[in-house]
Amino acid sequence: MTEVLDLAKRLMSARSVTPATGSVFDELEAMLAPLGFEVTRFTRGAGEEGTPEAPVENLFAIRKGPPGSRHFAFAGHLDVVPPGGGWASEPFAPEVRGDLLYGRGAVDMKGAIACMVDAVAQVPADAGTLSFIITGDEEGPALHGTRALIDFMREASHQPDLCLVGEPTSVNRLGDMMKIGRRGSVNIWLEVQGTQGHVAYPHLADNPIPKLVAMLAELDALVLDEGTDWFQPSNLEVTDLEVGNPAHNVIPEAAKARLSIRFNDCHSGASLSEKVAAVAQRHGGTALPIISGEPFLTPPGAFSDIIAAAVKAETGLEPEPSTTGGTSDARFLRSVCPVIEFGLCNATMHKRDEAVAVDDLATLSRIYARIARAALSAE
């Protein structure tokens, strides 16, 4: 327990608000190199044509097994959301109080990465190939993180057979839930152009607001689907309205809104974008979609059985296979190999005084070691 706790503290002590670079990656490299991992680090984003964003650092580490052996990957992110104020202790000075370790990243997800490192130390080098797929940009735009790592892996022919993402999936107790899929996400910006004018002379103007209201009413009334065996129904939500008209006697020239749609595998980001665009056009408006990710599903089978067996051996629980929650980088890794998410309890993620049970770190490390050994020995 002391070892994994120390690893978690080292990672949590490094400030790494999205996009993460530098010291937190230094710490992880220093942990993995002595275990026989070949570590590659690279930065994407800043300075590249068409990429005005801040630089994003990524790390890929691999310990190769015997020729022809299976390849199992752990994936995750070292960046964290801003801590905000009002913490009982310094967010980047991890502190154990009682049976909890407090600090930003405790569960999302530096604690899990510490457990991964501790776990691979328990797996013999000749058991097979192990790798780490770690980004500094999961909590942000996710443009130059895991997607860039996937490009690197393909170019280097480092494609794993299975991948586990260490997102905090547990709800009430460590081990009660794993994520075998996630819904997709698309945000769509709507706009209706009108003609500005005096409210007393409406015939000389064209008010865009009634058109936008009618458009939103039609969209809000849509029933996208009834859900599937593994996914809840898709939902469309209006997340912003903007007119920006400070004058009470002026008909505005434009009205805007924003939608967010979380969708299951009955749809694609493109099909939903086309559906919304058609509605917008009928009401004289336009729609600009930005697709964050497509839905994915790793159907229950050999991989989920490996995870369930490891969890039950260490906790006595049988994890519920679920597709609930938001998006993660698993939406990109799905294109590489089967992927499942499993990690710590998520009750305090993104919250003030984020914390993890110290005992859970030790237990998760043992679970991860069991999963890795089983995945490498699977037929």
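Please read these numbers as outputs of a predicted model, since none were measured by experiment. No hydrogens, no waters, no symmetry mates; every other heavy atom, side chains included, goes into these values.
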Is there a side-chain contact between Ser234 and His267 (heavy atoms, below 4.5 Å)? yes

Through direct or indirect side-chain contacts below 4.5 angstrom among Ile, Leu, Val, Met, Phe, Trp and Tyr, which residues connect to Leu216? Val186, Ile188, Leu190, Val192, Leu212, Met215, Leu219, Leu222, Leu224, Leu236, Val238, Leu241, Leu259, Ile261, Phe263, Leu272, Val276, Val279, Ile291

Give a yes or no on whether the backbone of Gly105 and the side-chain of Glu354 come within a donor-acceptor separation of less than 3.5 Å. yes

Just by distance, do the side chain of Ser377 and the backbone of Arg373 share a donor-acceptor pair under 3.5 Å? yes

Any donor and acceptor pair, going by atom type alone, linking the side chain of Asp79 with main-chain N or O of Glu138 inside 3.5 Å? yes

Apply salt bridge (charged side-chain N to carboxylate O under 4.0 Å, His left out) to residues Asp329 and Arg334 and explain how you reach the verdict. CA-CA 9 Å; Asp329 277 355; Arg334 63 188 279 272; over 6 Å; no

Within a strict 4.5 Å, meaning less than it, do heavy atoms of the Pro168 and Cys345 side chains meet? no

For a 4.5 angstrom cut-off between non-hydrogen side-chain atoms, does Met12 reach Arg104? no

Out of curiosity, does Leu11 fall in the hydrophobic cluster containing Val17 (side-chain heavy atoms, cut-off under 4.5 Å, transitive links)? no

So, taking the atom named SG in Cys115 and the one named CG in Asp360, what distance separates them when rounded to the nearest 0.5 Å? 8.5 Å

So, Asn264 versus Thr228: side-chain donor-acceptor pair below 3.5 Å or not? no

Note, Asn207 side chain near Pro202 side chain (heavy atom, < 4.5 Å): no

Any side-chain heavy-atom pair from Glu320 and Met178 closer than 4.5 angstrom? no

Do any N or O atoms from the side chain of Lys110 and from the backbone of Ala14 form a donor-acceptor pair under 3.5 angstrom? yes

Would you say Arg154 has more than 12 foreign heavy atoms packed within less than 6.0 Å of its CZ? yes

Does Glu57 reach the main-chain N or O of Gly22 with its side chain, forming a donor-acceptor pair under 3.5 Å? yes

Quick one: do Lys275 and Glu218 satisfy salt bridge (charged side-chain N to carboxylate O under 4.0 Å, His left out)? Show the steps, please. CA-CA 11 Å; Lys275 183 186 290 288; Glu218 183 174 345; over 6 Å; no

Taking all non-hydrogen atoms of both residues into account, name the closest pair between Leu78 and Ser16 and its distance. O-OG, 2.8 Å

Verify the cluster assignment for Ile113 and Ile371: are they in a single hydrophobic cluster under the rule of side-chain heavy atoms below 4.5 Å apart? yes

Under 4.5 Å between side-chain heavy atoms, hopping through other hydrophobics if needed: is there a path connecting Val39 to Phe25? yes

Just checking Glu38: does its CD atom have more than 12 heavy atoms from other residues, nucleotides or ligands closer to it than 6.0 angstrom? no

Which atom of Tyr102 lies closest to which atom of Leu100, heavy atoms considered: OH-CD1, 3.3 Å

Residue pair Ser365 / Gln122, side-chain donor-acceptor N/O under 3.5 Å: yes

For a side-chain contact (heavy atoms from CB on, under 4.5 Å) check, start with the C-alpha distance between Met116 and Phe132, then their side-chain angles and the critical distance, and finish with the verdict. CA-CA 9 Å; Met116 295 172 183; Phe132 282 74; 3.5 Å; yes

Is it the case that Thr195 and Asp206 place a side-chain donor and acceptor less than 3.5 Å from each other? no

Indicate the atoms forming the closest heavy-atom contact of Ala277 with Ala287, along with that distance. CA-CB, 3.9 Å

Hydrophobic cluster membership, with links at side-chain heavy-atom distances under 4.5 Å among I/L/V/M/F/W/Y: are Leu28 and Val123 in one? yes

Does the side chain of Arg44 come within less than 4.5 Å of Pro55's, by heavy atoms? no

Taking the side chain as every heavy atom from C-beta outward, state whether Thr324 and Gln232 have any atom pair closer than 4.5 Å. yes

Of the non-hydrogen atoms in Arg183 and Thr327, which two are nearest, and what is the gap between them? O-CG2, 3.8 Å

d(Leu361 CG, Arg366 CZ) to nearest 0.5 Å is 11.0 Å

Could you state the interatomic distance from OG (Ser304) to CZ (Phe342), rounded to the nearest 0.5 Å? 12.5 Å

Nearest atoms (heavy-atom pairs only) where Trp230 meets Ile180: CE3-CD1, 3.8 Å

Which Ile, Leu, Val, Met, Phe, Trp or Tyr residues join Ile150 in one cluster when any pair of side-chain heavy atoms under 4.5 Å counts as a link? Phe42, Phe60, Ile62, Ile133, Leu149, Phe152, Met153, Val165, Phe296, Phe332, Leu333, Val336, Val339

Worked verdict on Tyr368 versus Val120 for side-chain contact (heavy atoms from CB on, under 4.5 Å): CA-CA 8 Å; Tyr368 280 168; Val120 299; over 6 Å; no

CD of Gln196 to CG of Asn245: how many Å apart, nearest 0.5 Å? 7.5 Å

Quick check: does any side chain N or O of Arg331 sit under 3.5 Å from a backbone N or O of Arg182, one acting as donor and the other as acceptor? no

Would you please test Glu341 and Ser328 for side-chain hydrogen bond (donor to acceptor under 3.5 Å, both in side chains) and show each step? CA-CA 9 Å; Glu341 302 172 39; Ser328 78; 2.8 Å; yes

Would you check if there is a donor-acceptor pair between the side chains of Ser89 and Arg97 at a distance under 3.5 Å? yes

For a side-chain hydrogen bond (donor to acceptor under 3.5 Å, both in side chains) check, start with the C-alpha distance between Arg147 and Thr135, then their side-chain angles and the critical distance, and finish with the verdict. CA-CA 9 Å; Arg147 289 192 276 198; Thr135 183; over 6 Å; no

Exceeds 12 heavy-atom contacts within 6.0 angstrom, atom CD of Gln281: no

Between Thr239 and Arg258 (side chain of the first, backbone of the second, donor and acceptor by atom type, cut-off under 3.5 Å), is there such a pair? yes

I'd like to check Ile367 versus Arg370 (side-chain heavy atoms, cut-off strictly below 4.5 Å). Are they in contact? no

Please round to the nearest 0.5 Å and tell me the distance separating atom CG of Leu376 and atom CG of Leu162. 9.0 Å

Within the side chain of Lys351, is there an N or O that forms a donor-acceptor pair under 3.5 Å with the backbone of Ala347? yes

Hey, does the side chain of Thr348 reach the backbone of Ala355 with a donor-acceptor pair shorter than 3.5 angstrom? yes

Between Asp108 and Val80, is a side-chain contact (heavy atoms from CB on, under 4.5 Å) present by the stated rule, with each step listed? CA-CA 7 Å; Asp108 191 16; Val80 297; over 6 Å; no

Is there a path of hydrophobic side-chain contacts, each under 4.5 Å between heavy atoms of I/L/V/M/F/W/Y residues, joining Met177 to Leu364? no

Is there a side-chain contact (heavy atoms from CB on, under 4.5 Å) between His71 and Ser131? Walk through the geometry before answering. CA-CA 8 Å; His71 178 178; Ser131 65; 2.7 Å; yes

Side chain to side chain donor-acceptor pair (under 3.5 Å) pairs touching residues 156-174, sequence neighbours excluded, are His77-Glu167

Just how far is it from atom OG of Ser273 to atom CD1 of Ile290, taken to the nearest 0.5 Å? 9.0 Å

Search all heavy atoms of Ala106 against all heavy atoms of Leu101 and return the closest pair with its distance. CB-O, 3.9 Å

Can you check whether Ala142's main-chain N or O pairs, donor with acceptor, with Asp137's side chain at less than 3.5 Å? yes

